[in-house]
Amino acid sequence: MSTLPSNEVIYQIYPLTFSYGEGSKIDPYKGAYGNLKGITNQASYVASLGVTSIWITPFYPWDKHGFGYDITNYCDVSPIFGCIEDFVELCKTYHKLGIKVIIDQVYNHCSDKHPWFEKSVKGIAPYDDFFIWHEGITKKDTPQPLPPNNWKCLWSSDGESAWRYHPKRKAFYMHSFNYTMPNLNLENPLVQDELLKVAKFWFDLGADGFRLDAAAHYAPDSKLRNNPVDKNKKQVRIYDMNTIAGANFINRLQDLCDSYSKKKLLLLEYCYYTGEQSNKRAKKIFEICRAQYFYTGSLTRTLDTFKNDIINNFKVCPDGSKLNWAISSHDIERAASRIFGKDYTAQRTLMLLSFVMTLPGSICIFQGEEHGFPNPKDFRLCKNKQNDPLNIWGQCNAPWDAARIGFNETTLNMALHPDETLFNMYRSYLDSTSHFKMTRELIWERKIGVFHLPGTLSFLEDTDNEEVLAYLRDFVDYNFKILCLYNFSNEDVTIAYNGIEYIIHAQSYKHIKLPIQTNVPE
């Protein structure tokens, strides 16, 4: 089976705002948006961080309703980003620098403007069964049938239900996300075969692996059973997520990965937790899936909830070896603003990055995080109207949309945070005390140190300060522990462990190796 190095550090790139480069034979917007050429041009910069892979979010033709995740053609490049030749060049450039290229693949859903869905609406075989359709429940005194069950979508502009009635087909179709992105029927072998062709297309062009978007939603229960509701009237999502059928499709993809002489890799967006039942189900699916890494998504809003996120993930993978961690992404506000808000400091942000570097498995760093970027003050403030000809940013209406901004000075001139030095890539690159330089040191320390190794993690129970994270990394196979103490507050704190008191100064951290016995790596 294909494996990644256990110290993998992945740099996530959102191509729309990362960097623009001239020279593509398809370039209709002339620098209004980032493109694949821009990513290629920044290869030396990315390599200087010391990362081992890049992950590029979708750059395929899309319908402007899902920031690239509402795909209308799986086997092409959107003119916004360039052309197929640009992708091939990108892969060759990064491969020469020893960096793997991971790209998003969106197999749970596509755009409702995709030809497959348009044919499915019309009932044209074999596409009539390419999506999840149901006639609904008919009741007296209702103008049209009701949705077939109680499943909810994660977000949609037309309500909470995961079902939308289509008057042309006279049936409901399922959508885990916005109604403009219908779910593919991944229990249909023909759909699987088509998606495997898509996967092979990109692998053969040079992609080294896939980040599988929304993989937890693959192939929901074919019986369409209602999710149970807990005592807090919250759905326990055991029928519309984390299914064996979904895991089986992932294993078919893994078989394709393993068929290459230089094996390809899979990074699944998979771990979701909404209660003990969901945890048990997620662990079972985790054990079935043969993929290398499970992308846990961005750790949540407060330092205190980090603990629950981490504890829940370790319940599914006790040694953490297959977990992938991130503190920011395209899906959530940047950590600097989300976690610290008006109390943001560059030191706190750097500590947060150091903290995630102590976790086992692999790490994702979102573009700009190496400079400690917070959210811009107003992400709709473009240089001028001409710099957003497609009105992409005019459609933004959620806080996490701001996370997608923040790297490409040639396209967007945002109202900057008062500490503008954080946003000057070139000054940061040259300054030996910069956030960039210190980020690079953290990556290097992780690669040559021990934190990437598998092992358990447990938080100290007697720390009641929400701005203090105190925990043990227990390297069971090597017979030693490291006590990790992080004080994000503005006051010195004292942490006691095994009868010894440790003073941690304000906005600082310590890693303390406890007495080593035997079988310790050099």
* **Main-chain N/O of Ala219 paired with Thr243 side-chain donor or acceptor, under 3.5 Å** => yes

* To do: List the atom of Tyr60, the atom of Ile71, and the distance in Å for their closest heavy-atom pair.
  => CD1-CD1, 3.5 Å

* **Any side-chain heavy-atom pair of Trp116 and Phe131 under 4.5 Å** => yes

* Min side-chain heavy-atom separation Leu268-Tyr293 under 4.5 Å -> no

* To do: Compute whether any side-chain donor of one residue and acceptor of the other, for Trp133 and Ser120, lie under 3.5 angstrom apart.
  => yes

* Answer whether the closest heavy-atom distance between the side chains of Asn178 and Ser157 falls below 4.5 Å. => yes

* Does some side-chain heavy atom of Ser111 sit less than 4.5 Å from a side-chain heavy atom of Thr180? -> no

* Asked: When the ring centroid of Phe366 is compared with that of His330, is the distance short of 6.0 Å?
  -> no

* To do: Please assess Thr40 against Glu89 for the test side-chain hydrogen bond (donor to acceptor under 3.5 Å, both in side chains), listing each intermediate value before the final yes or no.
  => CA-CA 8 Å; Thr40 301; Glu89 177 194 22; 4.6 Å; no

* To do: Measure up the Phe294 and Phe286 rings against each other and bin them: parallel (under 30°), tilted (30 to 60°), perpendicular (over 60°).
  => tilted

* Please determine, by modelled atom types, if Thr57 and Asp104 share a side-chain donor-acceptor pair under 3.5 angstrom. => no

* Asked: Is Trp55 reaching over with its side chain to a backbone N or O of Leu267, donor-acceptor style, under 3.5 angstrom?
  -> no

* Any sub-3.5 Å donor-acceptor pair from Thr296's side-chain atoms to Asn324's backbone N or O? -> yes

* CD1-CG distance between Ile80 and Asp27, expressed to the nearest 0.5 angstrom -> 11.5 Å

* Would you find a donor on one side and an acceptor on the other, under 3.5 Å apart, between the side chain of Tyr94 and the backbone of Ile39? -> yes

* Ignoring hydrogens and angles, tell me if any N or O in the side chain of Asn251 forms a donor-acceptor pair with the backbone of Gln254 under 3.5 Å. => no

* Is there side-chain contact between Leu266 and Ile250, with at least one heavy-atom pair below 4.5 Å? -> yes

* Asked: Just wondering, more than 12 heavy atoms not from Glu160 lying within 6.0 Å of its CD?
  -> no

* Side-chain donor-acceptor pair under 3.5 Å between Asn227 and Asn150, yes or no? -> no

* Asked: Can you check ring pair (Phe, Tyr, Trp, His ring centres under 6.0 Å) on Tyr471 and Phe355, steps first, answer last?
  -> CA-CA 11 Å; Tyr471 53 98; Phe355 160 72; 5.6 Å; yes

* Asked: Are any non-hydrogen side-chain atoms of Leu469 and Lys307 less than 4.5 angstrom apart?
  -> yes

* To do: Could you walk me through whether Tyr295 and Leu212 pass the side-chain contact (heavy atoms from CB on, under 4.5 Å) test, one step at a time?
  => CA-CA 9 Å; Tyr295 173 71; Leu212 296 179; over 6 Å; no

* Output yes when Lys264 and Asp258 qualify as a salt bridge under the 4.0 Å nitrogen-oxygen rule, no when they do not. => no

* **Minimum heavy-atom distance Ile26-Pro28, with the two atoms named** => C-CD, 3.8 Å

* To do: Decide ring pair (Phe, Tyr, Trp, His ring centres under 6.0 Å) for Phe177 and His109; before the verdict, give the C-alpha distance in whole Å, the side-chain angles of both, and the deciding distance to 0.1 Å.
  => CA-CA 9 Å; Phe177 302 94; His109 53 266; 5.3 Å; yes

* Do side-chain atoms of Arg338 reach the backbone of Ile327 as a donor and acceptor pair under 3.5 angstrom? -> yes

* Hey, does the side chain of Arg169 reach the backbone of Asp128 with a donor-acceptor pair shorter than 3.5 angstrom? -> yes

* Asked: Which of parallel (below 30°), tilted (30 to 60°) and perpendicular (above 60°) describes Phe117 and Tyr173?
  -> perpendicular

* Which distance, rounded to the nearest 0.5 Å, do you find between the CD1 of Ile310 and the OG of Ser458? -> 11.5 Å

* To do: For the pair Asp213 and Arg211, find out whether any cationic side-chain nitrogen is under 4.0 Å from an anionic carboxylate oxygen.
  => yes

* Any chance you could lay out the ring pair (Phe, Tyr, Trp, His ring centres under 6.0 Å) test for Phe87 and Trp202, step after step, and finish with the verdict? => CA-CA 10 Å; Phe87 177 76; Trp202 291 107; 5.1 Å; yes

* **Heavy-atom closest contact (Ile84 atom, Cys75 atom, distance)** => CD1-O, 4.4 Å

* Can you tell if the side chain of Asp158 reaches within under 4.5 Å of the side chain of Arg164, non-hydrogen atoms only? -> yes

* To do: Give a yes or no on whether a salt bridge exists between Asp86 and Lys25, defined as a side-chain N under 4.0 angstrom from a carboxylate O.
  => no

* Asked: If every non-hydrogen atom of Lys152 is compared with every non-hydrogen atom of Ala162, which pair is closest and at what distance?
  -> C-CB, 3.7 Å

* To do: Could you walk me through whether Phe488 and Phe340 pass side-chain contact (heavy atoms from CB on, under 4.5 Å), step by step?
  => CA-CA 9 Å; Phe488 291 91; Phe340 305 115; 3.8 Å; yes

* With rounding to the nearest 0.5 Å, note down the distance linking CG in Leu184 to CD1 in Ile132. => 8.0 Å

* Side-chain donor/acceptor of Glu269 to backbone N/O of Ala215, under 3.5 Å -> no

* Asked: Taking it one step at a time, do His114 and Tyr74 satisfy side-chain contact (heavy atoms from CB on, under 4.5 Å)?
  -> CA-CA 9 Å; His114 194 290; Tyr74 280 104; 3.7 Å; yes

* Asked: Distance from Asn73 atom CG to Trp62 atom CH2, nearest 0.5 Å?
  -> 15.0 Å

* **From CA spacing to verdict: side-chain contact (heavy atoms from CB on, under 4.5 Å), Cys83, Ser24** => CA-CA 7 Å; Cys83 59; Ser24 175; 4.0 Å; yes

* To do: Using the salt bridge (charged side-chain N to carboxylate O under 4.0 Å, His left out) rule, collect all pairs that involve residues 186-207, keeping only residues at least two apart or in two chains.
  => Asp193-Arg252, Glu194-Lys197, Lys200-Asp204

* Test item: Thr72 side-chain N/O and Pro61 main-chain N/O as donor-acceptor pair under 3.5 Å -> yes

* **Atom CG of Leu146: over 12 foreign heavy atoms under 6.0 Å** => yes

* Asked: Should we say atom CD of Glu287 is surrounded by more than 12 heavy atoms from elsewhere, each under 6.0 Å from it?
  -> yes

* Nearest-0.5 Å distance, SG of residue Cys91 to CD1 of residue Ile103 -> 7.0 Å

* Asked: Which atom names give the shortest non-hydrogen contact between Pro454 and Pro360, and what distance separates them?
  -> CA-CB, 4.3 Å

* Asked: Just by distance, do the side chain of Asn149 and the backbone of Leu224 share a donor-acceptor pair under 3.5 Å?
  -> yes

* **Criterion salt bridge (charged side-chain N to carboxylate O under 4.0 Å, His left out) on Asp255 and Arg290, from CA distance to verdict** => CA-CA 9 Å; Asp255 289 339; Arg290 293 187 287 108; 2.4 Å; yes

* **Gln367-Thr17 side chain donor-acceptor pair, cut-off 3.5 Å** => yes

* Does some side-chain heavy atom of Tyr127 sit less than 4.5 Å from a side-chain heavy atom of Val121? -> no

* When rounded to the nearest 0.5 angstrom, what distance separates CZ in Phe249 from SG in Cys289? -> 11.0 Å

* **Closest non-hydrogen atom pair between Met181 and Tyr69, with its separation** => SD-O, 3.6 Å

